Every structure is written in structure tokens, then in C-alpha cells.
Colleague: 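Right, I'll just put the structure down here and ask away after.
In this text the structure is predicted, and so the values were computed from the model without any measurement. Convention: sequence-line order gives letters A, B, ...; per-chain numbering from 1. Computed over heavy atoms, backbone and side chain alike; hydrogens, waters and symmetry mates excluded.
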There are 2 protein chains.
Amino acid sequence: MKTATRSNNRIETLLDSAAELFSTRGYQATTMRDIAESCGMRPGSIYYHYPNKEALLVAVYEEGVKRLTARVLDALADENDPWVRLERMLTTHIGMIIEPTAYASVIIRILPDAVPSAEADLVKLRDRYEAILKSLVAALPLPGDVDRRLLRLFLIGAVNHVQVWYQPGGTGPAEIAQELVRLFRCTARTQSEGSE
Amino acid sequence: MKTATRSNNRIETLLDSAAELFSTRGYQATTMRDIAESCGMRPGSIYYHYPNKEALLVAVYEEGVKRLTARVLDALADENDPWVRLERMLTTHIGMIIEPTAYASVIIRILPDAVPSAEADLVKLRDRYEAILKSLVAALPLPGDVDRRLLRLFLIGAVNHVQVWYQPGGTGPAEIAQELVRLFRCTARTQSEGSE
DNA sequence: CCTACCGATCGGTAGG
DNA sequence: CCTACCGATCGGTAGG
């Protein structure tokens with residue numbers, strides 16, 4: 001038991017280091033030596049845990065989706081209003097991708113096509129998470145002529161871009177999400193009167 | 001004159017190749033050898049035109065901003081309605097970043113912090129272009145409580161993300177821009193009645 | 001703009 | 001998980 005725990009800690013430290021470096025420097029710019037140094041290992045030792053650099057990225061990606069999904073579902077519990085649910089998801093999402101040391105940041109920053117041989121895996125993981133947003137947008141009371149697919153894609157783009165411009169001390173995740181939802185929400189109020 | 005033209009063609013071919021590779025593979029993943037091969041030069045010959053890889057990226061960035069700005073200003077001419085002006089800019093912008101062989105794509109895809117030593121230059125070029133959007137958003141008739149800075153950042157995020165999900169044959173740039181503006185525009189109609 | 005080349009670095013492996 | 005190491009590749013340079 002003690003051995004297992006110690007071993008898990010090592011792997012966790014390794015994944016943490018990889019996540020931080022991948023998210024701040026990008027995949028290609030991060031070397032296995034950078035990661036090794038960051039978690040106190042020798043460069044060759046990483047290969048004891050993962051067969052290669054790509055597998056390490058996939059592992060970070062998986063952990064990122066897992067954490068993102070868990071936190072979002074948690075924020076959604078005990079809430080039924082579709083607009084509030086959307087706002088809560090966005091707040092949680094933004095909150096997680098602005099942390100520099102974050103698994104979530106990797107999913108936003110590293111485009112799947114940056115690693116051709118693992119592209120399919122990464123896209124699948126990404127889609128799994130975005131399915132949550134899809135269901136939230138589907139539940140929104142909107143006029144029939146609104147393209148929900150486009151709305152979803154606009155939302156993803158807008159919130160993910162926060163990672164680029166966000167500065168600590170400025171507008172926080174909750175206010176950002178609130179304003180974004182408010183800007184889109186009026187569509188429902190203005191145009192649904194005649195169609196419902 | 002003939003020599004100058006020939007020389008310019010060489011540089012243009014070089015920049016074209018660099019732009020295409022940087023935009024499709026990213027900065028780090030593109031090697032000087034890739035670029036050389038793509039434009040029919042020897043790897044060492046690139047250094048006759050540009051001192052290093054970063055200078056090449058900055059040159060592509062500059063050309064990208066120049067082209068983007070020119071096309072957008074052209075699309076804005078002879079149009080006074082602020083909402084239509086915004087829509088035209090977004091249509092033009094989307095149209096340019098979805099071309100795979102595009103200087104514009106580089107500006108969207110390569111984050112300035114991917115090249116620390118040239119970061120300041122790249123941010124400056126990026127800001128110059130985004131100032132246009134800033135002025136368009138400033139001209140929008142919106143209720144006083146709308147955060148125009150956030151609106152601008154949401155728009156940038158939404159349209160730049162198109163590069164990731166766009167597929168030829170699907171919804172075109174004009175329809176995408178139209179729907180995006182329509183979703184935001186209602187804010188003006190719903191909430192400005194009491195404040196204007 | 002080419003030839004020829006270098007020093008550094010990188011992902012990965014052998015063997016323990 | 002470490003030591004020791006390799007083959008490949010990369011950005012860049014010297015000299016013409």
C-alpha cells in the first residue's frame with residue numbers, strides 16, 4: 001500500500017509537471033528534459049512511466065477532461081434554470097483554464113493537430129467534454145431560427161479565448177460568464193415572443 | 001529592375017512557404033529545412049534573407065497584419081451603419097483565416113508567447129489590427145451597461161475559433177458573421193429602449 | 001544563394 | 001527509476 005501510494009505520487013508529480021509545461025510553453029517547445037527537471041527525475045526515467053512524449057500528452061489530456069467534467073457537473077447540480085446552468089458551466093470552465101498550472105489549459109492550448117499521431121484520441125477526449133455544453137445549449141429556450149450549433153461554437157471560442165487575455169485582478173470568471181450569457185440571452189427575450 | 005523583381009519573387013515565395021507551414025504546423029514544429037524545401041531553396045539560403053527563424057516569423061506576421069488590415073478597410077468603405085460595418089469586418093476576417101495558405105492564419109494560430117524574444121513585436125502587430133475592431137465596437141449603439149471591452153474580446157474569441165471548426169462546404173463566412181452579429185445585436189434592441 | 005559543416009539538443013533506448 | 005549513451009535533427013555559420 002505504501003509503495004503504491006508513493007508510486008502514484010511520482011506519477012502525479014510527473015503529470016503535474018507535464019501539464020504545467022505543456023500549457024505554458026506548448027507541446028513542441030516542451031522537452032522531456034524540461035519535464036524531468038521540473039519533477040526531479042532523470043530524462044530517461046519518464047519512459048519508465050510512459051512510452052513516449054505523445055502518450056504523456058494524451059495522459060495529461062485525459063486527466064484534464066476528467067477534472068473539467070467533474071467540476072462542471074458539480075457546479076450544475078441542484079440547478080434547473082437552463083440559463084443559469086449555462087452560466088455556471090462557463091464560470092467553472094473559465095476559472096479552470098486561467099490557472100497557469102492547469103490540466104484544463106492544456107486542452108485549450110494544444111490543438112489536436114499539433115500531434116498528428118494522437119489526434120484522434122485528443123479529439124475524442126475534447127468532444128466528450130464539449131458534449132456537456134451541447135446539452136446545455138440544447139436545453140435553452142430559444143427561437144426556432146437560432147442556429148444552436150453556431151451558438152455553441154461561438155461560446156466555446158469566446159470562453160477559451162479568455163485564457164489569452166485574462167489578467168489577475170481584472171474581471172473575474174463569474175462576471176465574464178455573466179456578461180457573456182447576458183449578451184446572448186437577450187436573443188431569447190427579443191425574438192421568441194412571436195414564435196412561441 | 002528585372003533583378004529587383006526576381007529578388008522580390010524569391011522573398012515572396014519564401015514568405016509564402018513560411019506562412020503556410022507556420023499556420024498549419026505551428027512555429028516550433030516547422031523547421032527551416034521544411035520551409036527551404038517548400039520554396040526550393042537550400043536550408044542555409046534562408047539566412048541570406050532573414051537573420052534567423054524568429055525574424056522570419058515576424059516578417060510573416062507583419063505581412064499578415066498588412067493584408068488583413070487592407071482587406072478589412074476595403075470591406076468597410078462606403079458603409080456607415082455600425083452593425084453592418086461590424087458584420088463586414090467579421091466576414092472578411094473569417095474569410096481570411098480559414099484559408100489554409102494564409103498569412104492571416106499565422107496571426108491567429110501562433111501565440112506571441114510561443115516566441116518569447118519576439119513577443120513584444122508580435123503583440124504590437126496584433127494590437128494594431130485589433131484596434132480596428134475596437135473602433136467598430138465603440139461605434140455600436142448599445143445600452144450604457146454593456147461592457148464593450150468584453151464584447152470585443154468575445155467577438156475576437158468567437159471568430160478566431162472558426163479556424164478550428166470550419167469545414168469547406170458548410171456554413172460560409174458571411175452566414176457565420178451574420179449569425180454572430182444577430183445574436184449580439186439584440187442586446188441593443190432589448191435594453192436600449194429605456195436608456196436612449 | 002549554394003556547399004559543407006558544426007555544436008547543441010532532442011526523443012528515445014540498453015542495461016541494470 | 002538511474003547511468004550512460006546513440007542516432008537524428010535542428011538552428012545557424014563560414015566561405016565562396
Colleague: With both distances kept under 3.5 Å, what pairs with D/dC2, Watson-Crick or G-U wobble?
Modeller: C/dG15

Colleague: Would you sort out whether B/Lys66 and B/Glu62 count as a salt bridge (charged side-chain N to carboxylate O under 4.0 Å, His left out), showing the intermediate values?
Modeller: CA-CA 6 Å; B/Lys66 195 182 296 179; B/Glu62 271 170 355; over 6 Å; no

Colleague: I need the NZ-P distance between B/Lys53 and D/dT9, as an integer number of Å.
Modeller: 15 Å

Colleague: What's the closest nucleotide to the side chain of B/Asn52 if the choices are C/dC2, D/dC10, D/dG12?
Modeller: D/dG12

Colleague: Round to a whole Å and report the spacing from CZ of A/Arg33 to C1' of D/dC5.
Modeller: 10 Å

Colleague: What's the CE-P distance between B/Met32 and C/dC6, to the nearest Å?
Modeller: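 Spelled out: CE on B/Met32 to P on C/dC6 is 20 Å.
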
Colleague: Could you work out which one of D/dC10, C/dC1, D/dC2 sits closest to the side chain of B/Thr31?
Modeller: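 When the side chain of B/Thr31 is considered, D/dC10 is the closest of D/dC10, C/dC1, D/dC2.
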
Colleague: Does NZ or CZ of A/Lys53 fall inside the cone over A/Tyr27's six-membered ring, less than 6.0 Å from its centre and within 45° of the axis?
Modeller: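 Judged by the rule (NZ or CZ under 6.0 Å from the ring centre, within 45° of its axis), A/Lys53 counts as positioned above A/Tyr27.
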
Colleague: Under a 3.5 Å cut-off for both distances, is D/dG7 Watson-Crick or wobble paired, and to whom?
Modeller: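 With both distances under 3.5 Å, D/dG7 matches C/dC10.
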
Colleague: Could you state the atom-to-atom distance from CE of B/Met41 to P of C/dC1 in whole Å?
Modeller: 4 Å

Colleague: Can the ring centres of B/Tyr129 and B/His93 be said to be less than 6.0 Å apart?
Modeller: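 Yes, the ring of B/Tyr129 comes within the 6.0 Å limit of the ring of B/His93, centre to centre.
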
Colleague: Assigning hydrophobic clusters by single linkage (Ile, Leu, Val, Met, Phe, Trp, Tyr; side-chain heavy-atom cutoff under 4.5 Å), is B/Ile132 placed with B/Trp83?
Modeller: yes

Colleague: Figure out the CD/P separation between B/Glu37 and C/dC1, and round it to whole Å.
Modeller: 17 Å

Colleague: Round to a whole Å and report the spacing from CG of B/Leu14 to P of C/dC2.
Modeller: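 My rounded result for the distance is 11 Å.
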
Colleague: Expressed in angstrom and rounded to an integer, what is the separation of A/His49 atom NE2 from C/dG11 atom P?
Modeller: 17 Å

Colleague: Starting at CD1 of B/Ile46 and ending at P of D/dG12, how long is that distance when rounded to a whole Å?
Modeller: 10 Å

Colleague: Show your reasoning for whether side-chain contact (heavy atoms from CB on, under 4.5 Å) applies to A/Val58 and A/Tyr50.
Modeller: CA-CA 10 Å; A/Val58 173; A/Tyr50 295 96; over 6 Å; no

Colleague: From the list D/dC2, C/dC1, D/dG11, which nucleotide is the closest neighbour of the side chain of A/Arg42?
Modeller: D/dC2

Colleague: Would you say A/Tyr47 reaches C/dG12's phosphate, i.e. side-chain N/O to OP1/OP2 under 4.0 Å?
Modeller: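 Yes, such a contact exists.
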
